[in-house]
J.: 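Just passing along the structure, written as structure tokens.
Residue numbers begin at 1 in each chain, while the letters A, B, ... track the order of the sequences.
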There are 2 protein chains.
Amino acid sequence: MPKLVDPAARRLEVVDAVFRVVVRDGLAQASLRNVADEAGLNIGSVRHYFAGHQELMLFAMRSMLDRVSHRLARHIEEAPDLATASGAERRAVMDGLLCELLPLDDVRRAEVTVFVEFMTAARTDSALGDLAREAAEGSRGLITRILYRLSARGDLRPGLDPDTEAVRLWGLIDGLCLNSVLHPDLLSPDACVTALRGHLAQITTDSDADGHSTRGR
Amino acid sequence: MPKLVDPAARRLEVVDAVFRVVVRDGLAQASLRNVADEAGLNIGSVRHYFAGHQELMLFAMRSMLDRVSHRLARHIEEAPDLATASGAERRAVMDGLLCELLPLDDVRRAEVTVFVEFMTAARTDSALGDLAREAAEGSRGLITRILYRLSARGDLRPGLDPDTEAVRLWGLIDGLCLNSVLHPDLLSPDACVTALRGHLAQITTDSDADGHSTRGR
DNA sequence: TTCTTTTTATCACGGGCGTGATACATTGGT
DNA sequence: ACCAATGTATCACGCCCGTGATAAAAAGAA
């Protein structure tokens, strides 16, 4: 017989409530009382599962980052074997992976919104600082690794430095995310992917490594 | 004989205090009391010059945006006449103008920090919403206009659409700003300009419009 | 001077916050 | 049945907040 309440599940319910409050009203409104109301719980219950406000915020931020990581990991697992893929296929994989970071649907839009809120809050909240740094290094590192792989296979346009291209792509993606979340009517999801695709098209070669020309789109 | 206190100057002093608090502790800490303390004033004095907290925040945000606008306007005034400029000169002007938006020194870093704080807050604070939208349209519009001019003079690489390039450049700049402000140790000012220059080099032709080839670097 | 306006300084109120402490209810094992 | 552990629900305290009201001080004009 299953226990009536699964503590881990409860914590996740509370975290989901945190996310909803953050998306709707901003991180500043994510007080214990507001979160408890949003979760349909009593504040006492919330406090039973989290030592205090700070631990809740920390756990929520960590959960958000884990969620993104897992989504990316799943995407990587499902990717075809890069060793046997053609140049076009390799570029498609990269395209799909990076698009996964953009707020293209409601789920990812909410996630990116929460991401932005926590990251900006971490600038002045030392409790979140370590996690923010870790996340930033992770995303930047991932993009850097992708570009190095591209470069190693000759998919990166000659003359381009993978490191500075990583900075550029990192900034572009974060900028698209930010503007899309802050000004959804000025930057539609379609415009986001168009901008990203345009960028990728410019920094990658558009011919197959085997020599087959795949010009145009 | 000058009046002992100039109301307009006082308001600016208070706004400066707001900016210092926002940069140091975040927008959430910019309460009337904290701001008054930072300005070395009594909370009563602050309230004498501002109707309330909301008006202060609105005025501070507007001041910040005006400051950026004026800096850009000054930069444009000092620019050489584009009609008689060579292609390289035109690209240098654009380079300088866009670099003005990046947090390359302490002054601009503080400004961008305040910008990010207010813009993200505006997402859920309806009082700041209009201003934020105006600012976003302004920055995006400026970049769009620049690229259209470039395109008209043939400085933009053939095959590139000024509008989607504007989205891309807009996102890149905002992303560099964001990452530089949130993770200064992961993205130095130098890395910012390198990334931006690399981008501009890729979307512009590197030959003069008069036909002189300046290929290579 | 006297009077009016401007500026500075306090007080008090209601409200939201995190949190410690505590009581009550429910559960699951013995 | 009993009990210990777990989960729920409140209360109270101190803190900070924005704000209305009001007093006190300073400045400038008559």
J.: Not counting sequence neighbours, which residues clear side chain to side chain contact (heavy atoms under 4.5 Å, CB included) with B:His75? List them please.
T.: B:Leu97, B:Glu100

J.: Could I get the full list of salt bridge (Lys or Arg N to Asp or Glu O under 4.0 Å) partners for A:Asp105, not counting sequence neighbours?
T.: A:Arg108

J.: Any side-chain donor paired with an acceptor under 3.5 Å for B:Arg11 and B:Ser63?
T.: no

J.: Five pairs at each end of the helix from C:dT1-D:dA30 to C:dT30-D:dA1: take the axis at both ends and give me the angle between them to 10°.
T.: 10°

J.: Can you tell me which nucleotide in D:dC17, C:dT6, C:dA9 comes closest to the side chain of B:His48?
T.: C:dT6

J.: Any side-chain N or O of B:Asn34 below 4.0 angstrom from OP1/OP2 of D:dC16?
T.: no

J.: It should be established whether A:Ser45 places a side-chain nitrogen or oxygen under 4.0 Å from OP1 or OP2 of nucleotide D:dG7.
T.: no

J.: According to a strict under-4.0 Å criterion, is B:Tyr49 in side-chain N/O contact with OP1 or OP2 of C:dT8?
T.: yes

J.: Output the rounded distance in Å from CZ (A:Arg11) to P (D:dT6).
T.: 15 Å

J.: Take atom CG of B:Asp25 and atom P of D:dC17, then tell me their distance rounded to the nearest Å.
T.: 11 Å

J.: Looking at every non-hydrogen atom in both residues, tell me the closest pair between A:Val35 and A:Ala17 and how far apart they are.
T.: O-CB, 3.7 Å

J.: Is the shortest side-chain N to carboxylate O distance from A:Arg10 to A:Glu13 below 4.0 Å?
T.: yes

J.: For B:Phe19, give me all partners under ring-ring contact (aromatic ring centres under 6.0 Å, His included), at least two apart in sequence or on another chain.
T.: none

J.: Mark up nucleotides 19-25 of chain C, 5' to 3', with B wherever a protein heavy atom is under 4.0 angstrom from a base atom, S wherever such an atom reaches only the sugar-phosphate, and - elsewhere.
T.: BBB----

J.: Strictly below 4.0 Å: does B:Ser31 bring a side-chain N or O up to OP1 or OP2 of D:dC16?
T.: no

J.: Examine D:dG7: is either OP1 or OP2 under 4.0 Å from a nitrogen or oxygen in the side chain of A:Asn42? Give yes or no.
T.: no

J.: Establish, from distance only, whether the side-chain atoms of B:Gln202 and A:Arg168 form a donor-acceptor pair under 3.5 Å.
T.: yes

J.: Could you give the CD-to-C1' distance, from B:Gln29 to C:dC17, as a whole number of Å?
T.: 12 Å

J.: Strictly below 4.0 Å, N to O, side chains only: are B:Glu165 and B:Arg157 in salt-bridge contact?
T.: no

J.: Keeping to residues at least two apart or across chains, list the side chain to side chain donor-acceptor pair (under 3.5 Å) pairs with something in residues 122-136 of chain A.
T.: A:Arg123-B:Glu117, A:Arg133-A:Glu137, A:Arg133-B:Asp185

J.: Could you check how far CE of A:Met57 sits from P of C:dC17, rounded to whole Å?
T.: 12 Å

J.: I need the CG-P distance between A:Asp37 and C:dG18, as an integer number of Å.
T.: 12 Å

